[in-house]
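As structure tokens, the structure follows; a few thoughts come after it.
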2 protein chains.
Amino acid sequence: MEMDERKATILQAIIRNYLETGEPVGSRTISKYTDLNLSSATIRNEMADLEEMGYIIQPHTSAGRIPSDKGYRFYVDTMMEAKDREIEEMKKVLVERQDRLEDMLKGVVKLLARDTQYATLITSPSAGRNKLKFIQLSRIDEEHLLAVIVKEGNVIKNKVIEVPEPLSEETVLKLNLMLNTQLSGMTMDEISLGMITGLKAQAGAHSDVIAEVIDAVAEAISAGEDLKVYTSGTNNILKYPELSDNSERAGQLINTFEEKEGLEALVSTELSEDAGTGIQVYIGSENKVEGMEDCSVVTATYELGGGMKGTIGIVGPKRMDYDKVVGTLKSLRSGLDDLYKEKT
Amino acid sequence: MEMDERKATILQAIIRNYLETGEPVGSRTISKYTDLNLSSATIRNEMADLEEMGYIIQPHTSAGRIPSDKGYRFYVDTMMEAKDREIEEMKKVLVERQDRLEDMLKGVVKLLARDTQYATLITSPSAGRNKLKFIQLSRIDEEHLLAVIVKEGNVIKNKVIEVPEPLSEETVLKLNLMLNTQLSGMTMDEISLGMITGLKAQAGAHSDVIAEVIDAVAEAISAGEDLKVYTSGTNNILKYPELSDNSERAGQLINTFEEKEGLEALVSTELSEDAGTGIQVYIGSENKVEGMEDCSVVTATYELGGGMKGTIGIVGPKRMDYDKVVGTLKSLRSGLDDLYKEKT
DNA sequence: GTTAGCACTCATTCCCAAAGAGTGCTAACA
DNA sequence: TGTTAGCACTCTTTGGGAATGAGTGCTAAC
């Protein structure tokens, strides 16, 4: 059996209709819905074929058909067209350019949730290169030292270090100089054990301080730099009966969103061939997050320049409005691009 | 009509039972449940009285009674006894003393949610005194300056400032000195406009940098220092039909928790007479958060010493297990106390 | 003051019939 | 050979009682 044009049209019609209503769709509906001028009987024949081919499913005898994962996949792959939707509002928010990146991300994800009525998430951009720019030690008081670690892309990390006895201003200055001459411009890999031992030796009595600073540096530089995930619109999950009527599962989903557990998994798999659009669609069990088998996920990676990359994601039911979602994400990407360009 | 001992016993029995089952409770049940040895008919008489007095409500004729807000209030006020429950697990987590306060708070709130099966929240402790300890300016690169602002309690804020033209190391040192001699130890109120103008004049060509630093200082010092709220167990809301069967409302609740909107309101009202326990109970519409009229909220303030104060809250249905919740919060408070003492 | 008894009220449950949606198959048609 | 009309059949959904049962209020007796 082959997929011919008419079958494709019918499949498309079925999916479209199902996306709107969430109800199984019957042959009669399609007969009227499309402009093929075919009777319901003919449609029925075709539908039987489509079912045999695995694109649609009958929940029970004498119900209409609903798309299978394979059906959705076909739809997404072949029929999706980029609609440049207007999302003026979004751009406006982006352009307002909150000085705190964090707030901007929260704004974006919230707006996106309101616009699409799905659950959304965004990860903070991670600097691609992970180089140390400089370190600044300062005395806070007798017992505490503050280490400020600045990375490429002006990402900053603070750490308070307890010191057993007071250090003189002079000592602090010396340590500062030492650390910066040795470590500036280094990446994690380049900081060798030998170097660390050398530093400690130089520091003499204050080697324990150095050890703590090095720890902080390691923490700041490596460790996925605590990838932050912001979410919004979790409550939208309740709007789709197929996700919420099993309250066990709904609870698990909500929890996943609240605790952010496993969401990185959605976002970290860049492995697919996204054809340069930066947009990826996972249907049903195509995503590997536990409890999300009944959801579809659309993700887009964005760039803010300087190797700052992050991911935006939308999670909804399988009968998601793929057209709209993909369109929105595309505009959003370009919006973020513009933002960066304006800024430079 | 007066509240005598027997009425109180019956009311208590009704509430206890309702907390367990979530179903309206009838006279027959109470007759067997209590050790008063009264027949159901007598109980019915008493219940009629209690209803007249406003402590209980009949959802419809020929249903059992459920407690009214007033009934819960009576229960909470008079019958609650401190049970020192064992929460070894919690203490253990606390004692592990994660170096990052943030992680600790997240851990606590999560554990609390798992233990109680309600939705929970915690606010980051805010330093009571809001004094400036010192300011540190450093050059990041040609165009950027980093301002590190350290407050009492070693709370740190960073701000990257763009500068039109490069500043020499010397200038930065001078600005540093200037800022610190003038501003160290100040509170928000003490920094007058005159002082700011004076600083700007001293800075000469670099007065715009000073302006930005002052802005950052103001932001750091005032503005409730971005009170952070962490939540957990939002999905527990779905476990209580009286909250979740109206999916509109459930969605709103979940949204409130996700966006943290209005949760500050729960937490900021210290105005009540908490008799030194630091624990407060809001029943039904006693709390002022929109959409939370059907919930009860129990909050406890905790202290980490040095004027660092925060609030823990538990949100659940009105038929919350008040005994358990209050007990848990009490232990938790003392746990946090211990943690602080150990540390000093 | 307490209790037994009884009539009465409602929400809930269950069952069954009717309706309705949709299918698969067959036979007729162009 | 593809399309269509028609029909029997299958299942789900809906709606309406009837039965159930929990619980009350009231009255009369103890």
Side-chain angles (χ1 to χ4, degrees), chain A residues 1-11 13-18 20-68 71 241-242 245, chain B residues 1-11 13-15 17-18 20-68 71 241-242 245-246:
Chain A
M1 190 105 46
E2 265 182 34
M3 170 70 75
D4 57 17
E5 179 137 6
R6 196 171 74 178
K7 280 191 175 52
T9 314
I10 291 172
L11 178 54
I14 292 173
I15 295 181
R16 281 260 165 75
N17 198 284
Y18 182 69
E20 277 174 29
T21 64
E23 300 283 307
V25 14
S27 53
R28 193 184 168 75
T29 314
I30 297 303
S31 160
K32 282 183 290 183
Y33 196 78
T34 63
D35 46 4
L36 289 174
N37 278 331
L38 293 175
S39 78
S40 64
T42 312
I43 303 290
R44 276 203 290 284
N45 289 333
E46 297 285 28
M47 280 164 87
D49 291 352
L50 284 169
E51 181 164 15
E52 200 184 327
M53 290 190 280
Y55 290 106
I56 51 180
I57 291 171
Q58 219 174 354
H60 54 82
T61 343
S62 84
R65 309 301 217 284
I66 62 174
S68 67
E242 63 266 50
D245 56 5
Chain B
M1 191 104 47
E2 266 184 33
M3 171 70 75
D4 58 17
E5 179 136 6
R6 196 171 74 179
K7 281 192 174 52
T9 314
I10 292 172
L11 178 54
I14 292 171
I15 295 180
N17 198 284
Y18 181 69
E20 277 174 28
T21 64
E23 300 283 308
V25 13
S27 54
R28 194 185 166 74
T29 314
I30 297 302
S31 159
K32 283 184 289 182
Y33 195 77
T34 61
D35 46 4
L36 289 173
N37 280 328
L38 292 175
S39 78
S40 62
T42 313
I43 303 290
R44 276 202 291 283
N45 289 332
E46 297 286 26
M47 280 164 87
D49 291 351
L50 284 169
E51 181 164 14
E52 200 184 326
M53 289 189 281
Y55 290 106
I56 51 180
I57 291 170
Q58 219 172 354
H60 54 84
T61 344
S62 87
R65 310 302 216 283
I66 62 174
S68 68
E242 63 265 50
D245 56 6
N246 174 350

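Keep in mind the model is a prediction, meaning the values are calculated, not measured. Below, chains carry the letters A, B, ... as their sequence lines are ordered, and counting in each starts from 1.
Between the NE2 atom of B:His60 and the P atom of D:dA22 there is a distance of 13 Å, given to the nearest Å. Rounded to whole angstrom, the span from the CD1 atom of A:Ile57 across to the C1' atom of C:dG22 amounts to 17 Å. Atom CG of B:Asn45 and atom C1' of D:dG23 are 14 Å apart (whole Å). Note: CD1 (A:Ile66) to P (C:dT23) measures 13 Å, nearest angstrom. Rounded to whole Å, the distance from CG on A:Leu38 to C1' on D:dA5 is 14 Å. In this structure, CD of A:Glu23 is placed 20 Å from P of D:dC11, rounded to the nearest angstrom. In this structure, B:Ile10 atom CD1 and D:dT24 atom P are separated by 12 Å, rounded to whole Å. Rounded to a whole Å, the CD1 atom of B:Ile43 is 11 Å from the C1' atom of C:dT2.
For the pair B:Ser62 and A:Val25, nearest-nucleotide mapping onto DNA chain C gives the more 5' position to B:Ser62. Toward the 5' end of DNA chain C, the nearer of the two residues A:Arg28 and B:Asn37, judged by each one's closest nucleotide, is B:Asn37. Closest-nucleotide positions on DNA chain D for A:Ala41 and B:Glu51 were compared, and the one nearer the 5' end corresponds to A:Ala41.
Using a 4.5 Å heavy-atom threshold, the side chains of B:Met3 and B:Leu50 count as touching.
Atom OH of residue B:Tyr55 and atom CD1 of residue B:Ile15 lie 10.0 Å apart, to the nearest 0.5 angstrom. A distance of 7.5 Å separates CZ in B:Arg6 from CG in B:Leu36, rounded to the nearest 0.5 Å.
Each of D:dC11, D:dT4, C:dC25 was ranked by its minimum atom distance to the side chain of A:Thr42; first place goes to D:dT4. Nearest nucleotide to the side chain of A:Arg44, out of C:dT3, D:dG23, D:dG6: D:dG6. You'll find that the side chain of B:Ser39 is closest to C:dT3, out of C:dT3, C:dG24, D:dT12. With C:dT23, C:dT3, D:dC11 as the candidates, the nucleotide lying closest to the side chain of A:Gln58 is C:dT23.
Listed pair A:Ser27 / C:dT23 meets the phosphate criterion, a side-chain N or O lying under 4.0 Å from OP1 or OP2.
Residue A:Thr61 is in sugar-phosphate contact alone, with no base atom involved, counting any heavy-atom pair closer than 4.0 Å across all strands shown.
Distance alone, capped at 3.5 Å, places no donor-acceptor pair between the B:Ser27 side chain and the B:Ile43 backbone. In terms of modelled atom types and a separation under 3.5 Å, the side chain of A:Ser31 and the main chain of A:Leu38 share a donor-acceptor contact.
Pair check for D:dT27 finds C:dA4; Watson-Crick or G-U wobble, both atom distances under 3.5 Å.
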